[in-house]
Colleague: 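Submitted below is the structure of interest, expressed as structure tokens.
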Amino acid sequence: MSETNGTILSVNDLRTYFQTEDGLVKAVDGISFELEKGETLGIVGESGSGKSVTNLSVMRLIPEPPGKIVNGDIIFDGIDVRKLNIDEIRKLRGKRMAMIFQDPMTSLNPFLKISTQLMEVTQLHLGHSKDQAYQHAVDMLRTVGIPAPEKRVDNYPHEFSGGMRQRVMIAMALSCEPELLIADEPTTALDVTIQAQILELIKDLKTQRGTSVIFITHDLGVVAGMTDKIIVMYAGKVFESAPTRELFKNPANPYTKGLLKSVPDPAHEEGKALYQIPGLPPDVAHLPDGCPFAERCDRAEDICTKEFPPFIQINENHHSLCHFAKEVYAESTGGGE
Amino acid sequence: MAENKKVVKGTSLWKDAWKRLLKNKLAVFGMIVIAFMVVAVIIGPPIIYWTTGFTPDYIPSDSKLIKSFPPSLQHPMGTDEAGRDLLSRVLQGGRISLMVGIISTLVSLIVGVSYGAIAGYMGGRIDNVMMRIVDILYAIPYILIVIVLMAAFGGENTPDWIAAISNLFGGGAGLNQIFLLFFALGLVSWLTMARVVRGQILSLKNQEFVLAAQATGVSTMKIIFKHLVPNALGPVIVYATLTIPSVMLTEAFLSFLGIGVQAPYASWGSLCADGIKNIAIYPWQLIFPGVTMALTLFSLNFLGDGIRDALDPQTRKF
């Protein structure tokens, strides 16, 4: 992505820690990334790698206590999000940055009509009257492809299927035409056909409106067709960041390689056991001194368990957190072609 | 589509609960008795006045030595020792007793739900402090608080706003006293309500729709009262229906002791207190108000239990 028209979101050395009985959990520990206007960023990682916490930090939705953003800058369109007071941040949320959640079954209030929930957003941020907001709600439902929106708008969430609810969530998130849309595993709870529809919908709406999107997922297949660049997270750290094509073609980190190998390939792997990265993600409350992935890494050497790996720059847009980043990169360029 | 919609609506939580409630014979019995009682206390006294000319405080001016008459066609429940028609007085007293139940429960609802919801949602230190205050208030005998409140704010010291409310209903020292009682009782019965609501909110606040509401910029108070409180309504309704009889009983108890409703006004409690003086000679003066009150309290409790079972599908067998 060479053509850029300004940065919408810039996160620099973000650290969000949680104080628990088990000790200090460094859920996000030094994350940096930049998002251009109209661009889509994918954040990939296993459960507990800090993907969601990163984005909750951006929206300042970390429950405090026990959580706390201890360090870092979050600059949204020139605004330092960390310095805003709660009323100012509320004016941003829903209006300029919006969020879609993982489970559409629980993210709508079961007691309120769809119309009430959709109208709340625009009445709050756009100063709509009741009639305007109602009309806007109907229009939004039509935009996200809900049939007979005039009738459906007065239904309750339990009268919608999972995919439909996720469409409603998207309608709600896009009501005020936000500049940044954070989609936190929006398709995880849906079956594959619905997943494809929802992805297509997000993609279409993004192109129509020029919204910047942060797409969180643990499914590399989902981000491949969606994103411009990807960061891979592990144990609260960025392990690799690269443009999407480059990351898929020439990964420079053993963890990324493992993730890529874990995607089942029915055409070539028939009859073989599916690949998986051995072991479990580490307990972020008690991280080792060395590389947090060392235990599970197939090419780990002595240095990996002793020293924390450096963040190596491979080329202009490609970084990898590994002692052997260059070697891994060389292997994948050599083996990939 | 319209037909389809009807089918879907039929399975809603409230319709479902209503169906289950109708299957519960005791609850239906309670509902009928309460409905009858409410209608009776509203239209009863005027009807008696039109048909026989007796008002609850009409004292016959003839100077017979004995004024307490046993039940007869003219006085279906007899008369009290001043010669007043007892049926009329029981119905009049029912108004006050039911109003005590309803208004005090409303006061406890407003205070308890707000308090509990805020404590539960805020969590942490605020929650801790707020709930410890509740614990402390729990430890003080509530009758004592009511007595102190009644003594401190009764008579001359009635706050203006209570006098203003009672003026809407006619005013006067006696009515002021009654409204003061409503609020005093309400203010001591919100504690359990606050706990019930807090518990509900605690389990609800971590649901994703709360996060979704936060992410759209909804303010904290709106999240609490628009998104969370309606979701906690079930247990609140159950507890409220069970609060009504308990408040009514407290009022009867206070009136029996002479702290609550005072003549010329009557409540079931004060009627019982009057009746018990003559229990050996004119038993109907105790029996009629007593039975009416017991029946109403039973019915309210049956209804409350019925609603609780109806709203909780897990405890239901039929």
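The figures that follow rest on heavy atoms only: side chains count, while hydrogens, waters and symmetry mates do not. Each chain gets a letter, A, B and so on, in the order its sequence line appears, and its residues count up from 1.
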Colleague: Let me know if A/M105 has heavy atoms under 4.5 Å from chain B in its side chain, its backbone, both or neither.
Modeller: neither
Colleague: Which region of B/L204, side chain (C-beta onward) or backbone (N, CA, C, O), has a non-hydrogen atom less than 4.5 Å from a non-hydrogen atom of chain A, or is it both or neither?
Modeller: neither
Colleague: When B/F209 is tested against each of A/L108, A/N109, A/D103 for side chain to side chain contact (heavy atoms under 4.5 Å, CB included), which residue passes?
Modeller: A/N109
Colleague: How about B/Y138: does its OH atom have over 12 heavy atoms from other parts shown lying under 6.0 Å from it?
Modeller: yes
Colleague: Could you check if a side-chain atom of A/M169 sits within less than 4.5 angstrom of a side-chain atom of B/E208, using non-hydrogen atoms only?
Modeller: no
Colleague: Atom CD of A/E120 and atom NZ of B/K222: how far apart are they, to the nearest 0.5 Å?
Modeller: 5.5 Å
Colleague: Does a sphere of radius 6.0 Å around CZ in B/F298 hold more than 12 heavy atoms from other residues, nucleotides or ligands, not counting ones at 6.0 Å or beyond?
Modeller: no
Colleague: Heavy-atom distance under 4.5 Å to chain B: side chain of A/L112, backbone, both or neither?
Modeller: side chain
Colleague: How many angstroms lie between NE2 in B/H227 and OG1 in A/T116, if you round to the nearest 0.5 Å?
Modeller: 9.5 Å
Colleague: With chain A as the partner, which of B/A215, B/G123, B/A212 has the greatest number of non-hydrogen pairs under 4.5 Å?
Modeller: B/A215
Colleague: What part of B/V218 gets within 4.5 angstrom of chain A, counting heavy atoms only: side chain, backbone, both, or neither?
Modeller: both
Colleague: Can you tell which part of A/I100 gets under 4.5 Å to a heavy atom of chain B, answering side chain, backbone, both or neither?
Modeller: neither
Colleague: Within a reach of under 6.0 Å around NZ of B/K226, are more than 12 heavy atoms found that belong to other residues, nucleotides or ligands?
Modeller: yes
Colleague: Which atom names give the shortest non-hydrogen contact between A/L124 and B/T216, and what distance separates them?
Modeller: CD2-O, 3.9 Å
Colleague: What I'd like to find out is whether the side chain of B/T220 reaches to under 4.5 Å of the side chain of A/R90, using heavy atoms alone.
Modeller: yes
Colleague: Enter the distance from A/R60:CZ to B/Q214:CD here, rounded to the nearest 0.5 Å.
Modeller: 12.5 Å
Colleague: Do the side chains of B/N231 and A/P110 get nearer than 4.5 Å, heavy atoms only?
Modeller: yes
Colleague: Under a 4.5 Å heavy-atom cut-off, does chain B meet the side chain of A/Q102, its backbone, both or neither?
Modeller: both
Colleague: Determine whether more than 12 heavy atoms belonging to other residues, nucleotides or ligands lie under 6.0 Å from atom CZ of B/R132.
Modeller: yes
